[in-house]
Amino acid sequence: MTIPAISIRDVTMDYPTPDGVNHVLDHVSYDVAEGHFVSIVGPSGVGKTTLLRLLTGLASPTGGEIHVRGERLTSSPEGLAVVLQDYTRSLMPWLTVAKNISLPLRRAKMSRSAVQERVQESLAEVGLTGTERSYPWQLSGGMQQRVSIARAIAVRPSILVMDEPFASVDAQTRFDLEDLVLKVRDDFGITTVMVTHDIDEAVYLSDEIVVLHGKPAAVRDVVKVEIPFPRSQMATRNDHRFAELRTRVYGMVRGLE
Amino acid sequence: MPGIIRRIPAGVISTIIALLIWQLIGSFGPLAGDSFATASEAIAGLASLLTDSTFWAAVGQTLQMAVIGFVISIVIAVPLGLLIGLSRFSYRSTKFTFDFFKVIPPIVIIPIAILAIGPNITMGVVLVIFANVFAVAIQTAYGVRDTDPVLLETMRCYRFGILQQLLYARLPSASAQIAVAIRLAASAALIVAVVAGLVGGAPGLGNLLMRLQSGGQVEKTYGVLLALGILGILMSRLIVRGQRRIIFWSGR
Amino acid sequence: MTRFWRWLLAVLIGAWLPIVFVAWWWNASAESTNPFFPPLSVIWEQFKVNWIFELVPVHVVPSIRNLLIGFLIAVVIAIPAGTLIGASRSGTRYVEPIVDFIRSIPPVALVPIFILLLGLDAQMRITSIAFSASFPILLATIEGVRSTNLVVLDTAQSFRLSPSAILWRVRLPGAMPTVFSGLQVGFQIAFVVTIASEVLGSGFGLGAFTLIATDSFLIVDAWTGVVLLGILGYLLNIVFDLVERLSLRWYYGQKKLS
């Protein structure tokens, strides 16, 4: 049996608050297969972001364990990259685009020219060649999010974690970024976990969709998306399987099914 | 004709109008008299000061107190603030105490300073430090604590340590706060250096102003005030310019 | 219960340093023979004699009265004037450089001028306070009114409010957070000028008391004056903060949410 990229085992999360304990996650178990694209969906406030913080090692579960490639997670694992919703807050306004991308590379002992090359490659991958010397705040929202994707792939991650990555950009840019993420996954074979509240987006991008529901939240269901890759905004979204899946997942999120 | 007027900067026009009004009030207003210098008299007073070596000596002494005190307060306060800001406990422990001393104006401790140090340059420097050190330190600490948590979490995901977070994220992010504190400190330094002379008898422009006033040299007294205003404006222009260059990303 | 313990913990964390400081001062100065740094116990005894409450009506009450009257005059003049100036684009352009210049003069330096003009009485002190305090308030009001939120302004106009109603009921209230920052600076300046006007103008008042004690080498008295001034300065600041929090509840509520 192959070892899953990420293994979530019986994870429970409680927060102490002044008004008592807040139970967020209740015995969540799920395995992310190597190379898969997995979306986590659920009604707002259900604990999607909490689960994501546990996966990145930013917080530790109060019960259960998370294993990354068979090793128990205690802090942020090697080979992890993140893309967060607030691109304005996760990029450093005092660094140029190139410096923002190369910052995580400082920890890897790479030569200056190798770093330069990596930055160029990453920028080319996201279609931003020529913006090295710009500052993030001089770019549009969609471009800034591309910069954080470039920063993520520059470290050659084996796992990419994204929290509502396209929530604050306009609809057109959103489609472009979705296709960019698919391309990146294709080019580098990265295992990707994404939290989203957009069910269409989850169906369009994922191999599997994890539906969280309840308070405290548990895995309501795992939906396999059996639409072949490569996918396209026009064809895939018109596929009858797409429509069926989105209706099914929508029903689960709303608690109708 | 209106075209020409429109091309003159508003500041020049308003200065001319203000001087005219001042001249009129000084000549015909209810307080007109020997002790109210008109605009022209004040400018004449300033002009005569400009050729006077005691005036330039006083300017030098005031700037000396302001600059030395300012530099020492920054050198003490910024590292102190960084240190305090590193942990929640140290920040919350010191906040009340520093806030307390921050709001006490330095004029309050002048009597003690006169007794302990005497009316000299050192006293002026100490007062400037007292005026600034608490405010800059607490503001720096606040800036360090106020670093965007999203930024810090991003860094933690990329496995950066505490020290790297301080260097790459907390310090640059706090620098906007630090810059504001430093700008306020610079203008406070000048003001306190003058007050040290006025109230505490330290040398410099404050002292000169006091002596001219009690000596009945009305024109020159007003001249010193004009000089102080010009000095203050120059100082703040200089600092705003430097700040824009260093903290280029804020106020984009 | 947990809320109470949290509160207690917060108070303790804030209080231990000042307590340690005062205790250290008390012990370190106990055997002091340095005439300039008398034992804190001696200062405290004299403090009780002077300020609880023997001399308060003579020296403290007039100081605070002058401070409040002067500050109120500054507020009453500067806020309406600033509102009118800030509402007019060219008004702002012409007035701001002058106001900026006068504000650049250290406020205490204006006191000698007012002594020349008005003599040494309470009128001089109040005028000095009002004049110095009004400039930061004026500048902040101009700035606040000038930068009214355009959406709010458009909305108000679509309700067909009269221009004066828009100015006083929409633009001025919207500018209040900025105005208050000016009021705070103005209030601190008023406090400093209150002391300075007493010191330079001789006579009654806490500032005058302290400096006269210094000049006469009544060192313990001078220390009690400094301690009381420090406490007063801090307390007045707290009162000001409370007033601000109460008046700007909408602003702080909104800020907390964002």
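In what follows, every chain begins at residue 1, and chains take the letters A, B, ... in the order their sequences are listed.
Ring centroid separation for the pair C:Y234 and B:F96 comes in under the 6.0 Å cut-off.
Ranked by heavy-atom pairs under 4.5 Å with chain C, the first of B:I112, B:V224, B:T97, B:I110 is B:I112. Of the listed residues B:I191, B:I109, B:L231, B:V108, the one with more heavy-atom pairs under 4.5 angstrom with chain C than any other is B:V108. When the candidates B:I17, B:L212, B:V194 are compared by the number of heavy-atom contacts under 4.5 Å with chain C, B:V194 comes out ahead.
Expressed to the nearest 0.5 Å, how far CD1 of C:I98 lies from OG1 of B:T15 amounts to 4.5 Å. Going from atom CG of C:L116 over to atom CD of B:Q217 covers 11.5 Å, rounded to the nearest 0.5 Å. The line from CE of B:M210 to CD1 of C:I115 is 5.5 Å long, rounded to the nearest 0.5 Å. Atoms CD1 and CZ, from B:I107 and C:F191 in turn, are 9.0 Å apart once rounded to the nearest 0.5 Å. C:F36 contributes atom CZ, which lies 11.0 Å from atom CD1 of B:I117 (distance to the nearest 0.5 angstrom). Rounding to the nearest 0.5 angstrom, the gap separating the CZ atom in B:F100 from the CD1 atom in C:I231 is 6.0 Å.
Only the side chain of B:L209 has a heavy atom closer than 4.5 Å to any heavy atom of chain C. There is no contact between B:S187 and chain C, counting heavy-atom distances below 4.5 Å. Looking at B:I230, the atoms closer than 4.5 Å to chain C (heavy atoms on both sides) sit in the backbone and in the side chain alike. Of the two parts of B:L228, the backbone and the side chain both hold a non-hydrogen atom closer than 4.5 Å to a non-hydrogen atom of chain C. Proximity to chain C is limited to the side chain of B:I114, based on heavy atoms less than 4.5 angstrom apart.
Remark: side-chain polar atoms of C:S104 are not paired, donor with acceptor, to backbone N or O of B:G232 under 3.5 angstrom.
Other residues, nucleotides and ligands contribute only 12 or fewer heavy atoms inside 6.0 Å of the CH2 atom of C:W24. A 6.0 Å sphere centred on CZ of B:F101 holds more than 12 heavy atoms belonging to other residues, nucleotides or ligands.
Taking all atoms of both residues into account, the shortest heavy-atom contact from C:P112 to B:L198 is CG-CD2, 3.7 Å.
Under the side-chain contact (heavy atoms from CB on, under 4.5 Å) rule, B:P111 has a single partner from C:I212, C:V226, C:L229, C:V199, which is C:V226.
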